[in-house]
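Remarks on the structure that follows.
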Amino acid sequence: MTASTLTSRQLELVRESFGRLVPIAGAAGALIYERIFVLAPQTRVLFDDDISEQAVRLMQAVGRAVESLDRPEEVREFLERLGARHVRYGVVPAHFDVLTDAVTWALGEGLGEAFTSEVREAWEIVCATVAEAMVAGMTATSAVAV
Ligand code: HEM
């Protein structure tokens, strides 16, 4: 799955499904990390033992990206800066390989039957877009103000 533009229907599906997670953002973020640590256990040491605050920060950043998905330039700049900061945290581009799997798995757990294949497809595009922009920010840290 590569990054591409969402249709207006897909944008609506992403916003609607994310809205369902907002009241349980801490738990949803924790699920994403749970999955990341299964798929890429070597990343566990990069985080504090207690990842609850980080889980909320992750979801806030995803929320900000989701809010501005229809303003591609703005969201791109935000994600590149966020990605550039990740270099300092010891994150490498390969860690983003598990992102789509972790996010879609957590969405499936959190949304149950509401996580239809149409919703999944829309989120796969979002994840690919986020990962692509963050990795671009990581690999060109000198090009953006961190
Ligand atoms: C959807 C993609 C991601 C988003 C939106 C995201 C978001 C964030 C945010 C908002 C922070 C807080 C600090 C800051 O704003 O600079 C953060 C920190 C961090 N992220 Fe991410 N992140 C993502 C992917 C990843 C991945 C794939 C990894 C590697 C497994 C990772 C590892 C870390 C680490 C190690 C920290 C520092 C934690 C600490 O200070 O304890 N992130 N991330």
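Quick note: numbers below take in every heavy atom, side chains included, and nothing from hydrogens, waters or symmetry partners.
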According to a hydrophobic-cluster definition based on side-chain heavy atoms being under 4.5 Å apart (Ile, Leu, Val, Met, Phe, Trp, Tyr only), do [X] and [Y] belong together?
X: Val92; Y: Leu58; value: no
X: Leu6; Y: Phe18; value: yes
X: Val103; Y: Leu46; value: yes
X: Leu82; Y: Val66; value: yes
X: Val14; Y: Met59; value: yes

Minimum heavy-atom distance [X]-[Y], with the two atoms named:
X: Ala106; Y: Leu31; value: CB-CB, 3.8 Å
X: Tyr33; Y: Ile51; value: CB-CD1, 3.3 Å
X: Gly29; Y: Ala55; value: C-CB, 3.6 Å
X: Met138; Y: Val91; value: CE-O, 2.9 Å
X: Leu99; Y: Ala131; value: CD2-CB, 4.1 Å
X: Leu79; Y: Met134; value: O-CG, 3.4 Å

What distance do [X] atom [atom1] and [Y] atom [atom2] have between them, rounded to the nearest 0.5 Å?
X: Glu16; Y: Leu11; atom1: CD; atom2: CG; result: 12.0 Å
X: Glu109; Y: Ile32; atom1: CD; atom2: CD1; result: 12.0 Å
X: Glu124; Y: Leu107; atom1: CD; atom2: CG; result: 10.5 Å
X: Glu132; Y: Cys127; atom1: CD; atom2: SG; result: 13.5 Å
X: Thr43; Y: Ile36; atom1: OG1; atom2: CD1; result: 6.5 Å

Atom [atom1] of residue position [X] - does it have more than 12 heavy atoms of other residues, nucleotides or ligands inside 6.0 Å?
X: Glu53; atom1: CD; answer: no
X: Glu73; atom1: CD; answer: no
X: Arg76; atom1: CZ; answer: yes

Answer yes or no: is there a donor N or O on one side and an acceptor on the other, between the side chain of [X] and the main chain of [Y], under 3.5 Å?
X: Arg35; Y: Val98; result: no
X: Gln10; Y: Thr7; result: yes
X: Asp48; Y: Asp50; result: no
X: Thr116; Y: Val119; result: yes

Phe78 six-ring centre to Arg64 NZ/CZ under 6.0 Å and within 45° of normal: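 Arg64 over Phe78 ring: yes.
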
Sidechain N-carboxylate O distance under 4.0 Å for Asp49, Arg44: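 No.
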
Distance-only donor-acceptor check, side chains Gln60 and Arg57, under 3.5 Å: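 Their side chains do not contain a donor-acceptor pair, so the 3.5 Å distance test is not met.
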
Check: Phe47 ring centre within less than 6.0 Å of Phe37 ring centre: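 Yes.
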
Derivation and outcome, side chain to side chain contact (heavy atoms under 4.5 Å, CB included), residues Trp123 and Leu13: CA-CA 9 Å; Trp123 273 97; Leu13 289 173; over 6 Å; no

Validation row: Glu12, Arg9 side chains within 4.5 angstrom (heavy atoms):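 Touching, per the 4.5 Å side-chain cut-off.
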
Worked check of salt bridge (Lys or Arg N to Asp or Glu O under 4.0 Å) between Arg15 and Glu67: CA-CA 8 Å; Arg15 287 194 169 145; Glu67 248 173 54; over 6 Å; no

Intermediate values then yes/no, side chain to side chain contact (heavy atoms under 4.5 Å, CB included), His86 and His95: CA-CA 11 Å; His86 277 66; His95 292 152; over 6 Å; no

